[in-house]
Structures are given as C-alpha cells and as structure tokens.
2 protein chains.
Amino acid sequence: MTRSEENYLKTIYHLGGDEKVPVSTNAIAAQMETKPSSVTDMAKKLAEKNLVDYQKYQGVVLTSLGKQTALQIIRKHRLWEVFLYEKLDFQWDEVHEVAEQLEHIKSEQLIDRLDALLNYPKFDPHGDPIPGKDGLLAVQKKTLLSELEEGQNGLFVGVKDTSTSFLQYLDKNQIALGQSIRLIERESFDQSLQIEIQGRSLRLSHQIATNLYIKTD
Amino acid sequence: MTRSEENYLKTIYHLGGDEKVPVSTNAIAAQMETKPSSVTDMAKKLAEKNLVDYQKYQGVVLTSLGKQTALQIIRKHRLWEVFLYEKLDFQWDEVHEVAEQLEHIKSEQLIDRLDALLNYPKFDPHGDPIPGKDGLLAVQKKTLLSELEEGQNGLFVGVKDTSTSFLQYLDKNQIALGQSIRLIERESFDQSLQIEIQGRSLRLSHQIATNLYIKTD
DNA sequence: TTTCTTTTTTAGACATCCCTAAAAAAAGAT
DNA sequence: ATCTTTTTTTAGGGATGTCTAAAAAAGAAA
Ligand SMILES: [Mn+2]
Ligand SMILES: [Mn+2]
Ligand SMILES: [Mn+2]
Ligand SMILES: [Mn+2]
C-alpha cells in the first residue's frame, strides 16, 4: 500500500463509503484537493487491488477489504492524535496535521504498544471513536446541539467540524469536551441558542450549534 | 526535501561525508542497496540544491547545509529510537527499522516535545550520540574493546555493529550498555579476549571485541 | 426528445525515483 | 606507455502519481 492509496481509502471512507451508496469522483477530488482525472486513475488502481468496487461513471464503493484497511489507517491516525495530545501536550487543533503523517508509519507492534501506552483510549481528542484492531467502532449515541429541545441536558462529547478556527473558537469560549450543557432557549428568528455550560451562560449561533455533539442524559 | 533525498544525505554523512574526503558513487550505492546510476542522478539533484558538492567522477562531499540537514535527520532517528526503547518497551534490536520511517516525519514541534518527554537524552539505545537542535554532537572518548590493554577497566558504552544478530548475541550473553568491563587477557593466537563483565568471566572473539565501544576509566 | 450543462473519462505529458545496457573515464597492471 | 579492469556516467525506459485539454457519458431543462 502506498501513502497515496491509503489517503484515497481514508477519504472514501469519510465520504460515506461505509454504505453501499457509491462516492463520486468529483466528491473525492474536492475533498482531497486534487483533480477528477487523478481520482479516476486511482479508482482503477484500487479496484485492481480489490479495495474498491468501481464501474465507469458510477463512482466507487469500498469493498470489505477496503473498509477494513481504511479503518486501520483511521485507528492509527486517532491513536497518534491521542498521543500528541496526552503525552506531548499538543493542543487539540494542532494534532491533526502531524497525525496525517504518522498514520502512514507501518508497524503493527508500534501501534499495539502505543495503544497500550495510552491505556487503550476509545476516543480521540475531538471525541471521534478509535477503531479497534478488529476494525470495530464504539458507537456512541450523540445528537447535534442544534437538535436538542429546550430544557434538555447533556454532555459535550464531540465536534463535527475539526478546523483550527472552530476549535480555537471553542477554546476562546472555554468550551471543552466533557463539559455538561443545558439548552435554555432557542431563538426562533435566527436559530441561535442560549445555553448554560459548566454554570456559565452563553449564546451560540446556529452554525456553532450544528457542529457540537451532545450525549443527552 | 523528499524522503529519498533525506536518505541519501544520511548515508553520505555515515560514510564520512563529514570530512572533506569525497564519498564515492559506488560506496553510496552499496550502502543503500541501489545502483550507481541512481546515485549519480541523485548526486546531481543534491548538488542543484546545494546540499552536496559534486564533480563528475569525483564523488560527493556534504556542504555545511547538507551536513546540518543530515544531522537533523539523525537527531530525529535517534530520538525516536529512544522513544521506542524507553516508552514502548521495544528491544534495542527492534528500534532501528521503525525509526527509519519515523525519522522522515516533518514537525519541529513534534521533535522538540519528544525530546522533552524523553528528558533530553544524549545517547540512543545503541550508545550513539544524539545531535542537538544546533547540530552539535556530544563526543565521548571511547575505545574499541579490542584495543584495550590487559588489565584495563572501562564501561561498555556503545556498539559499532548494530545488526540484529550482533545485538541479539549480546543479549544472549547478558552484555548490556553501562556494564563495567575488565580485560583479563588477550590470546595472541586468535586475538580472542578473556574479560570480566559485571563479575562474570567471559571469552569473546576478536570480531566481537572490534564492535564494542569502551569508555576507559 | 432534443439541447444544454455537469460529470467523468481518456489522451498525452511531466516529475520523481528507480532500473538496465552501453559508453566513457579513471585506476591499476604489465 | 599500453592494455585491462573497475568505476562512473549517459541514454533510454518503467512505475507511480500528478496535471491539462479534449472527448464522452450522464443528468437536467426546455
Ligand atoms: Mn484528525
Ligand atoms: Mn481527530
Ligand atoms: Mn538506527
Ligand atoms: Mn541507534
């Protein structure tokens, strides 16, 4: 497996290659900031290796081998993110870029031991679940903050947008994973929310609220 | 800098590109298990980037930029070896291969923090010095065991050969870095040595003795 | 259903890094 | 000084992964 092949598999998985709905050439190209013609080339290569099913003009779907492979790369990515965050004091908006490189290191022993060093974490610093060696994901029932009802309580357990700017916005407002949240009121005009988080009262725009995952009580 | 360019620089450095004596095309090819024609191609590329001085048929010499670059890659390699050995319980014969991959990860912050996590180690698990951020090497005065005189004492501080088979030979004979050694007698017939190490008496062949570094008292 | 637009593929090319085979230069031997 | 061997370079090409431009197919609109 080349680094490029691994990156394509991961992208296809993130674009929903999980289901049987095919992922389009253009969608992959946009996500990877590359050209559709390059994607077509790679689709053929991955199909050749039985990692995706590909039919001309029909997009690609991960095979079960492709899905397992993608999950193992995601496992490495997220374990490295935990390492950077827990052991090297990186901020949660700094871990992704370096993990993009580290996820391609090939050594099963390395990942097993890293997993042990970190005490077998189940979630990465953004609240995303870490696939096991067997490729299984701990699925946590979570709701977007924007979908809570007034008066509902919950725990902030994950972010949907993991961009630096969004993560830094949360830092600036002292919003961090694990905090308890209560939806006080939804303003029907602009869908903005009044919430109470760790005792503090805050107003959040709809856009913010659609990027915070809450585990309701 | 591509991964390949980095590997060439490191190899040239190890082959003595430190001094002004040029390193030959064939020597580099042999060390890297590649073909001389590939080395010639790369020599031109590195010269273009001012990392080596190259003149047709004269081999290559690292420029000071090339030397600094090589030392930073070696710094990363050895810090990762310490990490694998100290934090992930790898054996000293297992660290090199994975470090060959990790040394190419690009993140100054990562290396700085790793250095801190490891408590700014000065030597890697094989006793090799770790270059500083400034490229300076802690030079330790050390002698090959084969060059000690009868009756001399010292500490075992490094290995010259770092092959798996040699390292495992040492493990099997419970010879480990930091142990104190005394040369009892040299057999003039085959240059084998009778030594005392940590109280135990051992006989070592000349070949073994030429691969152990001793810091004499 | 025909036309227009968007998506996808193909054709051809370029950069990197590697190879083999052959030519050229350097080094060693007589 | 000439011949022989070794080293190094050049020439040409293959694999990977990318791109642009043009052709083909699919989808949407009229
Ligand atoms: Mn990430
Ligand atoms: Mn993450
Ligand atoms: Mn090493
Ligand atoms: Mn080492």
Side-chain angles (χ1 to χ4, degrees), chain A residues 1-17 20-62 66 69-70 73 100-101 103-106, chain B residues 1-17 20-62 66 69-70 73 100-101 103-106:
Chain A
M1 288 277 296
T2 67
R3 169 173 302 226
S4 188
E5 286 169 350
E6 292 187 344
N7 284 332
Y8 273 95
L9 286 182
K10 202 172 49 134
T11 300
I12 295 165
Y13 180 86
H14 285 311
L15 290 173
K20 295 156 218 156
V21 185
V23 179
S24 79
T25 302
N26 264 9
I28 298 168
Q31 181 74 28
M32 298 188 68
E33 298 182 60
T34 182
K35 302 292 162 179
S37 55
S38 305
V39 175
T40 300
D41 285 350
M42 185 56 84
K44 290 174 184 167
K45 209 173 305 172
L46 294 175
E48 195 61 47
K49 296 190 176 186
N50 241 292
L51 294 161
V52 300
D53 288 326
Y54 167 65
Q55 306 225 83
K56 267 193 193 180
Y57 298 102
Q58 301 306 127
V60 296
V61 183
L62 290 177
T69 309
I73 301 159
E100 283 293 308
Q101 298 181 62
E103 72 189 3
H104 300 292
I105 301 290
K106 280 158 190 68
Chain B
M1 287 275 299
T2 67
R3 171 175 298 228
S4 186
E5 285 169 350
E6 291 187 346
N7 284 332
Y8 272 95
L9 286 182
K10 204 173 48 136
T11 300
I12 295 165
Y13 179 86
H14 285 312
L15 289 173
K20 295 157 219 157
V21 186
V23 180
S24 80
T25 301
N26 264 9
I28 297 168
Q31 181 74 28
M32 299 188 66
E33 298 182 61
T34 183
K35 301 292 161 179
S37 54
S38 304
V39 176
T40 300
D41 285 352
M42 184 56 84
K44 289 174 184 167
K45 208 172 307 170
L46 295 175
E48 196 61 46
K49 297 190 177 188
N50 241 293
L51 293 160
V52 301
D53 288 325
Y54 167 64
Q55 307 226 84
K56 269 191 192 182
Y57 299 102
Q58 301 306 127
V60 295
V61 183
L62 290 177
T69 308
I73 300 160
E100 283 292 309
Q101 297 181 61
E103 72 190 2
H104 301 291
I105 302 289
K106 281 158 189 68

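Labels below follow one simple rule: chain letters A, B, ... track the order of the sequence lines, proteins then strands, and each chain is numbered from 1.
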Euclidean distance, atom [atom1] of residue [X] to atom [atom2] of [N] [Å, nearest integer]:
{"X": "B:Ile28", "N": "D:dT8", "atom1": "CD1", "atom2": "C1'", "value": "12 Å"}
{"X": "B:Met42", "N": "C:dA15", "atom1": "CE", "atom2": "C1'", "value": "12 Å"}
{"X": "A:Lys35", "N": "D:dA22", "atom1": "NZ", "atom2": "P", "value": "15 Å"}
{"X": "B:Leu46", "N": "C:dT16", "atom1": "CG", "atom2": "P", "value": "12 Å"}
{"X": "B:Glu6", "N": "C:dC17", "atom1": "CD", "atom2": "C1'", "value": "15 Å"}
{"X": "B:Glu48", "N": "C:dA15", "atom1": "CD", "atom2": "P", "value": "13 Å"}
{"X": "A:Lys49", "N": "D:dA15", "atom1": "NZ", "atom2": "C1'", "value": "11 Å"}
{"X": "A:Glu5", "N": "D:dT18", "atom1": "CD", "atom2": "C1'", "value": "14 Å"}

Side chain to side chain contact (heavy atoms under 4.5 Å, CB included) filter on A:Thr34, not counting sequence neighbours, yields A:Tyr8, A:Ala29, A:Met32, A:Ser38, A:Val39
If you look at every strand shown and take non-hydrogen atoms under 4.0 Å, does A:Ser4 touch a base, only sugar-phosphate, or nothing?
->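 Here A:Ser4 touches the backbone only, sparing every base.
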Base, sugar-phosphate or nothing for B:Thr40? Non-hydrogen atoms, less than 4.0 Å.
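Since a base atom lies under 4.0 Å of B:Thr40, the category is base.
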Would you say a side-chain N or O of [X] is under 4.0 Å from OP1 or OP2 of [N]?
{"X": "B:Tyr57", "N": "D:dT10", "result": "no"}
{"X": "A:Lys44", "N": "C:dT9", "result": "no"}
{"X": "B:Tyr8", "N": "C:dT16", "result": "no"}

Nearest to the side chain of [X] - [options]?
{"X": "B:Thr34", "options": "C:dC19, D:dT18, C:dT9", "answer": "C:dC19"}
{"X": "B:Asn26", "options": "D:dT8, D:dG17, C:dC19", "answer": "D:dT8"}
{"X": "A:Thr25", "options": "D:dT9, D:dC19, C:dT8", "answer": "C:dT8"}

Is it the case that the side chain of B:Gln101 and the backbone of A:Lys106 share a donor-acceptor pair, with hydrogens and angles ignored and the cut-off at 3.5 Å?
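At least one qualifying donor-acceptor pair exists.
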Discussion item. Ignoring hydrogens and geometry beyond distance, is a side-chain donor-acceptor pair present between A:Gln31 and A:His14 at under 3.5 Å?
Written reply: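 Checked: A:Gln31/A:His14 side chains show no N/O donor-acceptor pair below 3.5 Å.
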Comparing B:Ser37 and B:Lys45 on DNA chain C - which has the more 5′ nearest nucleotide |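 Closer to the 5' end of DNA chain C: B:Lys45.
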>> Please find the pair of heavy atoms, one from B:Gln58 and one from B:Pro22, that lie closest to each other, and give the distance.
In response: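 For B:Gln58 versus B:Pro22, the nearest heavy atoms are O-CB, 3.1 Å.
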query = So which heavy atom on A:Ile12 is nearest to which on A:Val23, and how close?
reply =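 Nearest pair, atom of A:Ile12 first, then A:Val23: O-CG2, 4.0 Å.
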